[in-house]
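Letters A, B, ... mirror the listed sequences (proteins, then strands); counts begin at 1.
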Amino acid sequence: MEKAYSPKEVEDRLYKKWLDDDNFKAVPKEKKEAYSIVIPPPNVTGVLTMGHVLNNTIQDILARRARQQGKSVLWLPGTDHAGIATQTKVEKAIEKMGRTRESLGREEFHLQACNWRDEHGGIILNQLKKLGCSCDWERNVHTLDEDYSKSVLAAFVKLFKKGYVYRGQRMVNWCPASLTALSDEEVIMKPQSSILYKIKYNILESPGAYLEVCTTRPETILGDVALAIHPEDPRWRNLEGKHVMRPLNPMAIPIVPDKAVDRDFGTGVLKITPAHDKLDFEISQRHDLPIIEILNADGTMNDVAGIDYAGIDRFSARKMIRDKLESEGLLMEEEPYQNNVGFSERADVPIEPRLSEQWFLKYPRVEEAKKVVKEGHIKFFPERWTKTYLHWMDNIQDWCISRQLWWGHRIPVWYRKGKVRTDPENWHVSVSGPSDPENWEQDEDVLDTWASSWLWPLATLGWPDDKEMESKGLNYFYPTSVLVTGPDIIFFWVARMIMAGLEFDGRSYKPEQEIPDYDLPERVPFKHVYFTGIIRDAEGRKMSKSLGNSPDPLDLIDKYGADGLRHGIMSIAPKGQDIRFSEDRIQQGRNFCNKLWNVARFRTMSGAIGENDSISDILARVKPEQIKDEDNAILVRLKSTIDEVENSYQYYEFNTVLHSIYKFFWNDFCDWYIENSKNRMKDEAEKETCLAIQDFCLREILLLLHPFTPFITEELWRLLAFGKDESIQFIPPTAGGEFINILKQAKIEIDPNSLAEIESIRELVTQLRALKADRNLSNNREVEFFFISDETNAALITKSEKSILEAAGAKSLIRIESPKSGLPAIVSSLGSFYLDLASGVNVEEETIRIKKEIEKLEQIIVSIEFKLDNEKFVSNAPPVVVEGARNQLVENQLKLKEARDILQAITEVS
RNA sequence: GGACGGCUAGCUCAGUUGGUUAGAGCGACUGGUUUACACCCAGUAGGUCACAGGUUCGAGUCCUGUGCCGUCCACCA
């Protein structure tokens with residue numbers, strides 16, 4: 001074995017072997033419990049980010065843990081076509097070749113996009129393999145696959161037939177860069193520094209009189225059709241029914257009363273531009289006002305805006321209009337103003353509210369979707385996200401599902417050629433299209449990407465095709481066990497999947513029919529949702545490509561190994577809290593692997609590997625009469641570690657799981673047990689038992705660690721010959737509940753008291769080491785200690801003498817009756833210990849040291865006495881606590897006495 | 001405006017139902033290569049648990065309020 005662990009070769013070799021052996025293949029087996037996870041599909045053309053690393057490491061841990069526990073595991077991988085994002089990328093690529101989307105035409109563009117996807121796509125899947133992800137790759141699904149597309153269209157058709165899908169002219173969020181409508185969720189509000197302009201509108205009926213109107217968007221004056229005032233605002237009592245002159249493209253427009261106007265904002269007068277503002281549109285509907293569009297789809301002004309502005313970008317036009325208003329004396333005032341402007345999530349440009357003809361979805365099963373989460377058929381981890389979820393569900397709005405893109409699932413609606421499209425009489429809606437296609441033309445739009453991914457758990461398992469569902473095991477694997485995702489897509493994806501899951505599962509309920517309670521748990525798409533934290537950089541900023549603050553995970557794998565990366569990221573991933581990334585932690589992950597490697601290396605150097613095939617083989621090598629306190633203690637700690645791990649998994653507390661294992665492995669096993677065994681193994685009689693206990697612990701450590709660091713654990717599993725040809729992947733760690741029994745079968749009784757004894761020995765050793773280190777004697781192994789203690793402790797010290805001498809680095813421990821004068825000393829729970837110093841002690845320093853100790857002890861004693869003197873404490877606190885306090889008092893009083901004796905002994909010298 | 005989260009050692013964070021003297025890793029400092037590991041070992045220093053009240057025998061932990069940081073939702077032109 002090499003001195004340092006080198007992951008590269010091991011990882012590539014083992015991953016290939018796992019694939020060759022079909023270890024990740026999901027097979028429905030009626031007798032086994034199913035465990036299933038569907039991957040949150042990454043963008044097909046995306047590359048791995050730290051967010052993916054976290055998210056997928058968690059899924060892999062869960063999948064591997066389940067596999068160890070003998071469950072039949074499905075981890076289903078796949079990718080998302082990511083409509084806008086991918087189309088934008090492809091358009092840019094085409095642009096470089098001097099072409100445009102339009103010049104290619106729809107079919108050619110689609111072909112190009114597929115080529116581009118096939119070329120750049122799938123990179124991320126290979127990156128996941130590097131990370132060690134145990135997905136069933138044969139089941140890989142892409143949202144634009146033929147079967148998946150059929151599911152998407154089928155869902156649309158079903159919802160249409162139930163009346164949940166409708167077409168209509170509505171105010172939508174329009175992205176002038178991508179030239180498509182967006183859902184509300186795709187709009188991000190950003191605070192902006194704008195200018196609030198106060199503009200003069202002359203009142204026609206009262207010459208000389210005027211109203212002042214505030215706006216941040218003076219260019220929309222061109223589309224004004226009215227001014228609105230609050231009907232109960234006393235300032236404008238006489239204005240109802242009068243008119244003002246529109247300051248640009250002059251025309252008389254009415255003043256209308258509407259309660260939607262906020263009297264307290266600005267001047268209390270609102271200009272109405274129905275075509276370009278949501279509220280204005282609603283007001284215009286109430287007052288039967290005309291709608292004047294002044295913008296083109298791409299955000300430039302149109303012909304209606306007038307010859308001066310046509311074709312000019314909205315922001316340039318704003319400046320021109322501001323100047324024009326000023327020159328005409330209509331600009332009363334302008335002041336800097338902070339307001340929120342909606343931006344397109346993808347294109348990052350201000351969106352335009354725009355009136356357009358779109359497809360909308362009224363969400364199905366909203367009430368049931370709330371119920372399943374409220375009643376715990378779906379559990380969120382951490383639980384607090386349920387509140388966010390329910391709040392959104394309570395305020396749910398219809399979903400604009402059509403996109404004016406070419407990359408996606410084309411809406412399965414056909415219109416009769418030459419007829420009015422708005423009349424449903426002329427529609428054909430089906431998955432396969434009309435039988436006489438020559439008489440029809442298909443809707444040009446595609447569906448929102450989320451309107452395909454909301455079917456992910458169902459469609460990847462073959463829904464709605466009976467044969468597919470059968471072969472893919474929908475009945476067996478659905479509902480999936482857990483969904484692991486970020487809270488940022490709780491509305492985009494999680495909520496929608498829940499509704500889709502409840503609506504479609506093969507059985508049919510009419511829309512008005514409630515799903516019976518007993519059926520709800522069977523229809524949810526997943527039972528648990530684990531929300532990860534968001535990974536931030538050292539400054540706390542969200543990692544993003546544009547900031548360039550995200551490290552490339554492959555570089556990290558290269559430097560630290562996949563196991564190191566996984567270990568590092570999991571050690572800093574608290575439950576649902578944002579994560580501040582630092583490469584140091586990944587380095588620690590690598591260091592951990594190296595430590596593991598070396599302890600195994602030490603094991604192979606300590607003696608031949610014996611029968612290690614199974615627990616009983618290992619334990620058969622133990623000679624019960626050779627079991628020492630150290631063995632007892634490490635076994636007790638191993639048991640409690642297993643218990644802690646089992647418990648933490650219940651709550652998805654991965655960093656706690658890892659921390660428990662880490663502490664046991666590093667602090668207890670390596671730093672104490674192994675160090676101690678070096679001495680013990682010199683004795684041939686003890687050696688065999690000691691090695692067997694080492695092997696038993698190592699075996700369990702590897703098993704516990706395997707989900708986190710799969711490669712190195714598998715490698716060592718083979719090197720240490722645990723299980724002849726069997727992979728570690730399918731072996732469960734010893735269950736906490738079985739632990740004692742398994743030892744009993746090997747005739748090993750573990751003594752729980754030994755742990756406390758060993759702990760006090762370890763504590764003593766630490767104090768003795770410090771006693772030496774403070775006098776610059778760390779390296780001197782020839783020192784002698786004198787000690788004073790009672791019979792019980794003296795017996796314990798004698799029993800462990802060899803360990804103590806070895807660990808503390810000393811020649812002898814000599815029991816004495818009374819304090820030694822002139823020697824530095826410490827007070828431990830096992831008695832007071834004096835360091836025999838040949839050269840004289842620095843009395844002054846020693847005095848300060850021991851006085852400090854005395855002071856500390858006195859403080860402790862005072863606080864305990866104070867507590868015990870309080871009758872309310874004695875009568876109210878649980879007896880265990882009171883008893884504990886009394887014991888402490890006695891113990892510390894004893895220590896205090898010893899400390900005072902030491903002080904006296906020192907001062908006697910001087 | 002509403003909701004949620006965070007504030008504990010220089011840094012990053014643990015601290016599960018209130019109960020010993022508040023912990024870990026990193027960093028700092030001191031000392032160490034006797035054959036597992038310097039990606040290591042031993043030791044030291046470092047904390048008014050954001051602040052103010054309250055409940056309690058007892059509060060980092062529960063309650064109320066305040067401040068700062070962050071996220072989400074809504075949005076007034």
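In summary, Lys895(A) and Glu853(A) do not engage in a salt bridge, as defined by a charged side-chain N under 4.0 Å from a carboxylate O. Taking the charged nitrogens against the carboxylate oxygens, Glu335(A) and Lys198(A) have no contact shorter than 4.0 Å, which rules out a salt bridge. Looking at Asp224(A) and Arg246(A), no side-chain N of the basic residue comes within less than 4.0 Å of a carboxylate O on the acidic one, giving no salt bridge. At a threshold of 4.0 Å, the pair Arg849(A)-Glu845(A) counts as salt-bridged, since one of the basic side-chain nitrogens sits closer than that to a carboxylate oxygen. The pair Asp695(A)-Arg603(A) counts as a salt bridge, with a side-chain nitrogen and a carboxylate oxygen less than 4.0 angstrom apart. A salt bridge between Glu352(A) and Arg217(A) is present, with a side-chain N of the basic residue lying under 4.0 Å from a carboxylate O of the acidic one. Between Glu219(A) and Arg318(A) there is a salt bridge, since at least one side-chain N of the basic residue sits less than 4.0 Å from a carboxylate O of the acidic one.
A donor-acceptor contact under 3.5 angstrom links the side-chain atoms of Glu675(A) to the base of rA36(B). Remark: the Asn340(A) side chain and the rC75(B) base include a donor-acceptor N/O pair separated by less than 3.5 Å. Side-chain atoms of Arg384(A) and base atoms of rC4(B) include no donor and acceptor less than 3.5 Å apart. Counting distance only, with no hydrogens placed and no angle test, the side-chain atoms of Lys3(A) and the base atoms of rA38(B) include no donor-acceptor pair under 3.5 Å.
Considering only side-chain N and O atoms, Tyr337(A) lies under 4.0 angstrom from the phosphate OP1 or OP2 of rA77(B). Phosphate contact (OP1/OP2 of rC41(B), side-chain N/O of Trp666(A), threshold under 4.0 Å): present. At rU12(B), one or more side-chain N or O atoms of Arg580(A) fall inside 4.0 Å of OP1 or OP2 (strictly under the cut-off). For Lys271(A) and rA77(B), the shortest distance from a side-chain N or O to OP1 or OP2 is not below 4.0 Å. Regarding contacts with the backbone of rC26(B), every side-chain N or O of Ser582(A) stays at 4.0 angstrom or more from both OP1 and OP2. Phosphate contact (OP1/OP2 of rC37(B), side-chain N/O of Lys595(A), threshold under 4.0 Å): absent. Under 4.0 angstrom from either OP1 or OP2 of rA77(B) there lies no side-chain N or O belonging to Lys278(A). Remark: Asn876(A) is in phosphate contact with rC57(B), judged by side-chain N or O atoms under 4.0 Å from OP1 or OP2. Side-chain nitrogen and oxygen atoms of Arg590(A) include none within less than 4.0 Å of the OP1 or OP2 phosphate oxygen of rC39(B). The phosphate of rA74(B) (OP1 or OP2) has no side-chain N or O of Asn395(A) nearer than 4.0 angstrom.
Within the nucleic acid shown, Pro487(A) has no heavy atom closer than 4.0 Å to any nucleic acid atom. Counting non-hydrogen atoms under 4.0 angstrom, Cys593(A) reaches nothing in the nucleic acid. Note on Arg585(A): a base of the nucleic acid sits closer than 4.0 angstrom, heavy atoms only. Nucleic acid contact for Met189(A): base, since at least one base atom lies under 4.0 Å from a heavy atom of the residue. Using a 4.0 Å heavy-atom cutoff across all strands shown, Arg536(A) reaches sugar-phosphate atoms only and no base atom. Residue-level contact check: Thr766(A) touches the backbone only, with heavy atoms under 4.0 Å from sugar-phosphate atoms and none from bases.
Among the nucleotides rC75(B), rC39(B), rC57(B), the one closest to any side-chain atom of Lys872(A) is rC57(B). Nearest nucleotide to the Lys678(A) side chain, out of rU12(B), rA36(B), rA77(B): rA36(B). In this structure, of rU12(B), rC26(B), rG19(B), it is rC26(B) that holds the atom nearest to the side chain of Asp584(A). Among rC57(B), rG32(B), rC73(B), the nucleotide with an atom closest to any side-chain atom of Asn779(A) is rG32(B). Side-chain atoms of Ala773(A) lie closest to rG43(B) of the nucleotides rG43(B), rA36(B), rU21(B). Across rC39(B), rC4(B), rA36(B), the shortest atom-to-atom separation from the side chain of Ala4(A) is found for rC39(B). Closest to the Phe491(A) side chain, of the nucleotides rC72(B), rA77(B), rG19(B), is rC72(B). Ranking rA77(B), rG25(B), rU21(B) by closeness to the Gln588(A) side chain, first place goes to rG25(B). The Lys856(A) side chain lies nearest to rU21(B) when the options are rG19(B), rU21(B), rG43(B). Listed nucleotides rU44(B), rU12(B), rC57(B) differ in distance to Ala770(A); the shortest reach to its side chain belongs to rU44(B).
Toward the 5' end of RNA chain B, the nearer of the two residues Asn339(A) and Gln767(A), judged by each one's closest nucleotide, is Gln767(A). In terms of position on RNA chain B, the residue among Arg263(A) and Val881(A) whose nearest nucleotide sits closer to the 5' end is Val881(A).
When the P atom is used for both rG54(B) and rC73(B), the distance is 40 Å, rounded to whole Å. rA22(B) and rC68(B) have their P atoms separated by 31 Å, given to the nearest Å. Comparing rU44(B) with rG23(B), their P atoms are spaced 14 Å from each other, to the whole Å. Look at the C1' atom in both rU55(B) and rG15(B): the space between them is 22 Å, to the nearest Å. Taking atom P on both rU61(B) and rG18(B), the two are 12 Å apart, rounded to the nearest angstrom. Nucleotides rA28(B) and rU64(B), compared at atom P, are 43 Å apart to the nearest Å. Distance check on atom P: rC62(B) versus rG6(B) gives 10 Å, rounded to whole Å. Taking the C1' atom of each, rA9(B) and rG47(B) are spaced 5 Å apart, rounded to whole Å.
Side-chain atoms of Ser582(A) and Arg585(A) include no donor-acceptor pair closer than 3.5 Å.
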